**Q** 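Below are the structure tokens for one structure; questions will follow.
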Amino acid sequence: MKLRRKILLAIILLVFIPVILMGGVSYYSFANAMEKKSSHFYWISLLESDRKLKFALNEITTISNSAITQDVIQQTLKVPEAGVSYENKQEISKLFNHPMITSFALYTEHQLLYSSNESMAFQELDQQSWYEKMKSAEGRPVWIGPGENGSVPTGKPVLIQARLIKDYYSLEDIGALVIYIKPDILDQVFWEAATLKQGDILLVNTQGNIVFDKSGEHIGEQTSFPFLSDGYSNSKGYYVDKYLGEKSLITYLPSHNKDWVLVAITPFKLIASESMSIRNIAVILVLVSLVSAFLFDRFFVRRLVSSIISVVNGMKRVQQGIFVPITAGLPADDERDLLVDGFNRMSTQIDELIEQVGTEQNRKKEAELQALVAQINPHFIYNSLESINSMAVLQGNKSISKMVVSLGKLLRISISENQELIPLQMEMEHVRHYMDIQKFRFEDKFAYDMQLSDDLKYYKTQKLIVQPIVENALYHAIEPMEGSGLITIRAEEQGSDIFIYVMDNGLGFNPDTLQKMWSKDWGKLKKYRENGVGLKNVHERLRIRFGGHYGIMICSSSGFGSTIRIRIPKIVS
């Protein structure tokens, strides 16, 4: 198969078909996800509504629980022939003082005994559909919603709580209590329930009557939801079906009141509208990818294949050692023509590159040879110093021998120590050898004192941090003095850090002098010890190694000597 056809096939397999599959899968996945999310959203809303409903109804139940156990009600129902005095009526009314309670009625087993407002007679109560349910509840409260008690057609819907009243001591039935509650208590619960646009929440009883709904338009209507039947089983808690002639997502949740079920209705077009944009985008992407495939082949693939064929032919000539440039039909204006131009440049430069590689190899070998010649074997230096020391001992020159020994140990720490971190004791030993060597030059010009406790000997430190500071003090503080100088080196521990103090009684310097020598350019200095470069070098190395909290601090004043503090962390290994 030719390259052009392979590219077209690849476009179809890798772009066109995946776009179709992606669009279809995305549409159905998104639609399914929206359905699940909407049902979950409503399930949470129903759960919260039921929790608020339970709280609101329990508030009324608490009032009735307290009221039916009071002596005034118990005694009034036990002795109904005595009637209800004015004082008892006032006391009973106070028991039901709640803004949501519109009225209440107390019944004996045969008659209406007392009511706060007009209430149904006992004969009418006995004919209510919920009367037997109240009796079978054995004193537990029974709730009858506006859509169940027939109060909606009257224009004054109410919520009813009915319950039997039992004797406090014998638990025998002595009467009944019926409380009439404003439907506002349900309005408050359902009004705060979260719904999608045009959605609704219903409170339905097990007989299919709409007890209450958020919109208030369908109270008392009869429904036929399948989940109300005994044989229905659906673990998802939602399904899609028609409601009032419109396809809807129906989510349901059994209420804490076993006779009621909370139902959320969402028009399915609202959910589908969210996924319609995905479907439209998928269709547009399919059309765009189809048109793009043909345009891509017409204006790019054909010219690309032609350029590649030209380069392939040129590569075959290169394999034969023939470096002939490829003739480009058009000036280079994109990558495919640049490919041809790049090949031409490559073919003309191959010989030069081969020569350059050979030259670089020769230079590399020469540099390696020079590096080997330039290397100094430390053992040769040590052996030479040992020979000088032996000669000095044989000739009885102890000063030369001592100086050579110190120089050898100094070089061993400076040159032979591969590790950057060394024990503090070794660093101090290095300074001691340096001072001993300098004593031969300066003789009695200075004295030194070193203090290092045994507790600090084995903590690790960066090497060559004290000697440059001692050298700076020797050359800039002690040497210019007329009299004899003193250099004191002391190490102390403070918390998790170690402080090393280098103190001298030299001439000292003022802040301006310190600022000038601190800002000197290292590269322009002839000697390492000139103008305090050693101080800045040690400070920068400590900051790089241990962080910005560490380094040196300088305290000095003209004519009063200098104190330089080195701060390092405690490092065991």
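Residue numbers run from 1 in the order of the sequence given. Not measured: the values here are computed from a predicted model.
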**Q** Do Gln425 and Glu429 have side-chain N/O donor and acceptor atoms under 3.5 Å apart?
**A**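 Distance-only check fails for Gln425 and Glu429.
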**Q** Can you list the steps and then say if Lys457 with Asp454 is a salt bridge (charged side-chain N to carboxylate O under 4.0 Å, His left out)?
**A** CA-CA 5 Å; Lys457 286 183 177 180; Asp454 294 338; 2.9 Å; yes
**Q** For Ser255, which residues count as a side chain to side chain contact (heavy atoms under 4.5 Å, CB included) partner, sequence neighbours excluded?
**A**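 Ser255 satisfies side chain to side chain contact (heavy atoms under 4.5 Å, CB included) with Asp50, Leu53, Asn257, Trp260 once adjacent residues are dropped.
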**Q** Start with the C-alpha distance between Arg543 and His549, add both sets of side-chain angles, then the distance that settles side-chain contact (heavy atoms from CB on, under 4.5 Å), and finish with yes or no.
**A** CA-CA 7 Å; Arg543 286 171 62 87; His549 295 291; over 6 Å; no
**Q** For a quick test of reading the model, state the closest non-hydrogen atom pair linking Asp504 to Ala473 and the distance between them.
**A**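 That closest heavy-atom pairing would be OD2-CB, 3.7 Å.
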**Q** Does Asn505 use its side chain to pair, donor to acceptor, with the backbone of Gly561 at less than 3.5 Å?
**A**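 The answer is no, because no donor-acceptor pair under 3.5 Å joins these two groups.
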**Q** Checking the side chain of Ser45 only, and the main-chain atoms of Phe41 only, is there a donor and an acceptor separated by less than 3.5 Å?
**A**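 Absent.
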**Q** Closest heavy-atom contact between Pro480 and Tyr475?
**A**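 So the two residues come closest at CD-O, 3.7 Å.
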**Q** Out of curiosity, Ser484 OG to Asp444 CG, how far, rounded to the nearest 0.5 Å?
**A**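 If we round to the nearest 0.5 Å, Ser484:OG and Asp444:CG are 7.0 Å apart.
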**Q** Which is it for Tyr238 and Thr266 under the side-chain contact (heavy atoms from CB on, under 4.5 Å) test, yes or no, and what are the steps along the way?
**A** CA-CA 11 Å; Tyr238 69 93; Thr266 309; over 6 Å; no
**Q** Assess whether salt bridge (charged side-chain N to carboxylate O under 4.0 Å, His left out) is satisfied between Lys570 and Glu493, documenting all intermediate values.
**A** CA-CA 9 Å; Lys570 285 184 178 179; Glu493 61 176 327; 2.5 Å; yes
**Q** So Ile498 and Tyr459, side-chain contact (heavy atoms from CB on, under 4.5 Å) or not? Walk me through it.
**A** CA-CA 9 Å; Ile498 297 175; Tyr459 284 109; 3.7 Å; yes
**Q** Is the closest side-chain heavy-atom distance between Met435 and Phe446 below 4.5 Å?
**A**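 In contact.
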**Q** Can you name the nearest heavy-atom pair linking Lys460 to Val572, along with the distance?
**A**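 Heavy atoms only, the tightest pair is CG-O, 3.8 Å.
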**Q** If you measure from CG on Leu262 to CD1 on Ile201, what distance do you get to the nearest 0.5 Å?
**A**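 Answer rounded to 0.5 Å: 7.5 Å.
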**Q** Could you give the distance from CG (Leu474) to CD1 (Ile487), rounded to the nearest 0.5 Å?
**A**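 Atom-to-atom, Leu474:CG and Ile487:CD1 are 5.0 Å apart.
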**Q** More than 12 heavy atoms of other residues, nucleotides or ligands under 6.0 Å from CZ of Phe442: is that the case?
**A**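 Yes - once you tally the heavy atoms of other residues, nucleotides and ligands closer than 6.0 Å, there are more than 12.
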**Q** Would a 4.5 Å heavy-atom cut-off, applied to side chains only, mark Gln494 and Glu492 as touching?
**A**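 The answer is yes; the side chains approach within 4.5 Å.
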**Q** Decide yes or no for Tyr501 and Thr488: does some side-chain heavy atom of the first lie under 4.5 Å from some side-chain heavy atom of the second?
**A**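 No, every pair of side-chain atoms sits at 4.5 Å or beyond.
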**Q** So do the side chains of Asp449 and Ile489 get within less than 4.5 Å of each other, counting heavy atoms only?
**A**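 When only atoms from C-beta onward are counted, Ile489 and Asp449 do not touch, as no gap falls below 4.5 Å.
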**Q** Can you measure from CG (Asp200) to OH (Tyr42) and round to the nearest 0.5 angstrom?
**A**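 Rounded to the nearest 0.5 Å, the CG-OH separation comes to 8.0 Å.
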**Q** Please give me the minimum heavy-atom distance between Ile478 and Gly485, naming the atom from each residue.
**A**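 Where Ile478 meets Gly485 most closely, the heavy atoms are CD1-CA, 3.8 Å.
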**Q** Count the heavy atoms belonging to other residues, nucleotides or ligands that lie under 6.0 Å from OH of Tyr458, then report whether that count exceeds 12.
**A**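 No, the 6.0 Å shell around OH holds no more than 12 heavy atoms from other groups.
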**Q** In terms of ring plane angle, is the pair His40 and Trp43 parallel, tilted or perpendicular, where the classes change at 30° and 60°?
**A**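 His40 and Trp43: parallel rings.
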**Q** So His430 and Lys463, do their side chains get closer than 4.5 Å, heavy atoms only?
**A**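 No, their side chains stay 4.5 Å or more apart.
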**Q** Measure the CD1-CD1 distance between Ile500 and Ile564 for me, rounded to the nearest 0.5 Å.
**A**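 Answer rounded to 0.5 Å: 12.5 Å.
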**Q** Give every residue pair that meets the salt bridge (Lys or Arg N to Asp or Glu O under 4.0 Å) criterion with at least one member in residues 559-569, sequence neighbours excluded.
**A**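 Listed once each, the pairs are Asp497-Arg567.
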**Q** For Ser562 versus Ser556, what's the shortest heavy-atom pair and its separation?
**A**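 Minimum heavy-atom contact is OG-OG, 2.8 Å.
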**Q** Are Met553 and Thr563 close enough, and set up right, to give a side-chain contact (heavy atoms from CB on, under 4.5 Å), and what steps lead you there?
**A** CA-CA 8 Å; Met553 185 181 72; Thr563 298; over 6 Å; no
**Q** If we count only N and O atoms by modelled type, under 3.5 Å, do the side chains of Gln438 and Asp436 hold a donor and an acceptor together?
**A**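 Asp436 and Gln438 do not have a side-chain donor-acceptor pair below 3.5 Å.
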**Q** Going from CD on Glu48 to CG on Leu253, what distance comes out if it is rounded to the nearest 0.5 angstrom?
**A**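 Taking CD in Glu48 and CG in Leu253, the distance rounds to 11.5 Å.
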**Q** Which atoms form the tightest heavy-atom contact between Ala491 and Leu424, and what is the distance?
**A**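 Closest pair (atom of Ala491, atom of Leu424, distance): CB-CD2, 4.4 Å.
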**Q** Side chain of His539, backbone of Ile552: donor and acceptor closer than 3.5 Å?
**A**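 Indeed, once roles are kept as given, a pair shorter than 3.5 Å links the two residues.
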**Q** Among residues at least two apart in sequence or on other chains, which ones pass side chain to side chain contact (heavy atoms under 4.5 Å, CB included) with Ile465?
**A**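 Ile465 satisfies side chain to side chain contact (heavy atoms under 4.5 Å, CB included) with Glu427, Thr461, Gln462, Val538, Arg541, Leu542, Ile566, Ile568 once adjacent residues are dropped.
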